[in-house]
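Letters go in sequence order (proteins before strands), and every chain restarts at 1.
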Protein chains: 2
Amino acid sequence: MVNEEQLGRRNILRQAGLAIGGTVAAGALSACGNDKVEVEKIVEVPPSGPQPSQFPYAQHVAAGYQLNVAAVKEAAYQAYYAGGCCHGAYSALLGHLAGTVGQPFNLLPIDFGKFGGGGVAGYGSICGAALGGALLINMVVADPAAPAPAVRNPMIAELLRWYEGFAFPAYSPTAVNAAETGLVKDFSAANLVNLQRKPASHLCHASVSGWCAQVGVAANGKDKAARCARLTADVAGKVAELLNDYLANRALTPTARDAASATCVVCHPAASTTQPVNSGMACVTCHTDKVSGHP
Amino acid sequence: MVNEEQLGRRNILRQAGLAIGGTVAAGALSACGNDKVEVEKIVEVPPSGPQPSQFPYAQHVAAGYQLNVAAVKEAAYQAYYAGGCCHGAYSALLGHLAGTVGQPFNLLPIDFGKFGGGGVAGYGSICGAALGGALLINMVVADPAAPAPAVRNPMIAELLRWYEGFAFPAYSPTAVNAAETGLVKDFSAANLVNLQRKPASHLCHASVSGWCAQVGVAANGKDKAARCARLTADVAGKVAELLNDYLANRALTPTARDAASATCVVCHPAASTTQPVNSGMACVTCHTDKVSGHP
């Protein structure tokens, strides 16, 4: 008898003369119907079923499936303290899909997102939580056949645009993480509204610096971490909602560009041959010198 | 007889009463040594050996292995035209590792990087080629046990810092891609030096806009594509070099921050509680209003 547990992540297949996967195999299959057992070999056999190469993974998700947004948020908040913002969002979403959908999500490394914290390796670039979320959207979403419009990239762009205009942090954890000791600010649910700020940028350093300056804390302290842990939950939750809409065939309604940036691209369209710009980002958050006195 | 080809990526295992991976298995193994064959089933069995979950993947790379930098560059240039900058770098590096190392690289989806083009879904954020390269560094590099200093994130940060100061494009393809018809500018090897510019930013929209404005072409035209295809090769080649150094145990020598940015963080350290900044990016590329007249 072989039960399901034995046929799990790392199957140990004990079988006379049969090794699967490129080591020893000559004569093995024909020997299987034979009554002659020569030698016992132990080989590791990964499970059959959906594999990581069978991408994108929406094809492996059952009709009607929806992610549990609340569970994803709490997992993301907690995981922030185990590996940063990108790990928080990435591992919470991947872990949830691994636990509820199974393969191929449970065949992928749960720690893959740790590089993305602090705007990719601490460089202050794209917010790691947003990047972790984008990686999961990319993993799941299958674009329809052309000429139907693309779905995946507009969904990722929507995540970044939504991020710019969302008042972070909004999430209040079910269980406050043990790392949150000695905070200067009051992160209770009742007071959180007084600690919120719309970053107007999806870049880590702009998002973090703007919030820290408003609240009056350091960019490398525990209050910043408490903010980013909750932001990670907010972002992972938004990704779960976007994926749920996609999986339920609800159409995406893109958020419009902010008014100031919309005027910038009138004079700086991508097709210009003098000063073209091809970007979805908010412009004047960084280009503050163009707000006034600019032709 | 079962040959190696049959035991490759998608093994078809024909066997009496035996299905591996959670479907039908009861009594199967004990029946294998029996002379009674009841019914033939066909099941797909993924190969044994290194799996995607066994991360990071340096552990699966043989001692002395080095990537072929020239091959990676040419593949990245060509792949740009099949799916953009992130796909170009990602697929060239992954494909090269899949072809030369094998598992688990050849068990991963080669098209995973297509979302990253144009600074992540066309949003103008981190250069997709740099992101694709960062994903591969993250995939391979194993940090030593603490308290030894980390290796992976400094390597990714170095890639972004190097990008800021490199005069793109530098690569001249072995075979010019068929898509390169009707270019306005001369991309021949002899003239390439006249089309080069250091982006001073790893962000797509800044890198592209600055180059297009200098050269005098649109940000959505064929000359921009020709530039970004060569840039993709340059970035993928740099990643291959960084990985080769790592695999050969050659220590990383980080590129110093530009002088202007180095002065910014004197007054804006991460530990400040007024206007802290935690970033490795060049500052004044975007914050041009802080270059003069700033306290």
Within-4.5 Å side-chain heavy-atom neighbours: A:Pro52 and B:Leu107: no
Part of A:Ser125 within contact of chain B (heavy atom distance under 4.5 Å): both
Most contacts with chain B, counted as non-hydrogen pairs under 4.5 angstrom, among A:Val217, A:Thr288, A:Asn278: A:Val217
Beyond-backbone contact of B:Leu135 with A:Phe112, side-chain heavy atoms, under 4.5 angstrom: yes
Closest-packed option against chain A by number of heavy-atom pairs under 4.5 Å, given B:Asn138, B:Asp289, B:Ile137: B:Asn138
Closest approach of B:Ala121 to A:Asn153 (non-hydrogen atoms, all atoms of both residues): CB-O, 3.4 Å
Minimal non-hydrogen separation, A:Pro276 against B:Ala213, with atom names: CD-N, 4.4 Å
Atom group of A:Asp111 that falls short of 4.5 Å from chain B, counting heavy atoms: both
A:Lys224, part contacting chain B, at a heavy-atom distance under 4.5 Å: neither
Close side-chain approach of B:His287 and A:His287, heavy atoms under 4.5 Å: no
Flag side-chain contact, heavy atom, 4.5 Å: B:Ile126 against A:Leu131: no
Distance, nearest 0.5 Å, that separates CZ of A:Phe55 from CG of B:Leu108: 11.0 Å
Option that, when pairs with chain A are counted at under 4.5 Å, heavy atom only, ranks first among B:Cys204, B:Ala219, B:Gly124: B:Ala219
Most chain B-contacting option - heavy-atom pairs closer than 4.5 Å, from A:Gln275, A:Met155, A:Met281: A:Met281
A:Tyr123 side chain vs B:Gly280 backbone, donor-acceptor pair below 3.5 Å: yes
Heavy-atom pair with the smallest gap, counting every atom of B:Ser279 and A:His205: CB-CB, 3.6 Å
Residue part contacting chain B, namely of A:Leu203, when any heavy atom lies under 4.5 Å: side chain
Heavy-atom pair count under 4.5 Å with chain B, highest-scoring of A:Ser272, A:Gly210, A:Gly122: A:Ser272
Residue A:His202 versus chain B: region with a heavy atom under 4.5 Å: side chain
Residue among B:Ile156, B:Leu160, B:Val215 with most heavy-atom pairs under 4.5 Å to chain A: B:Leu160
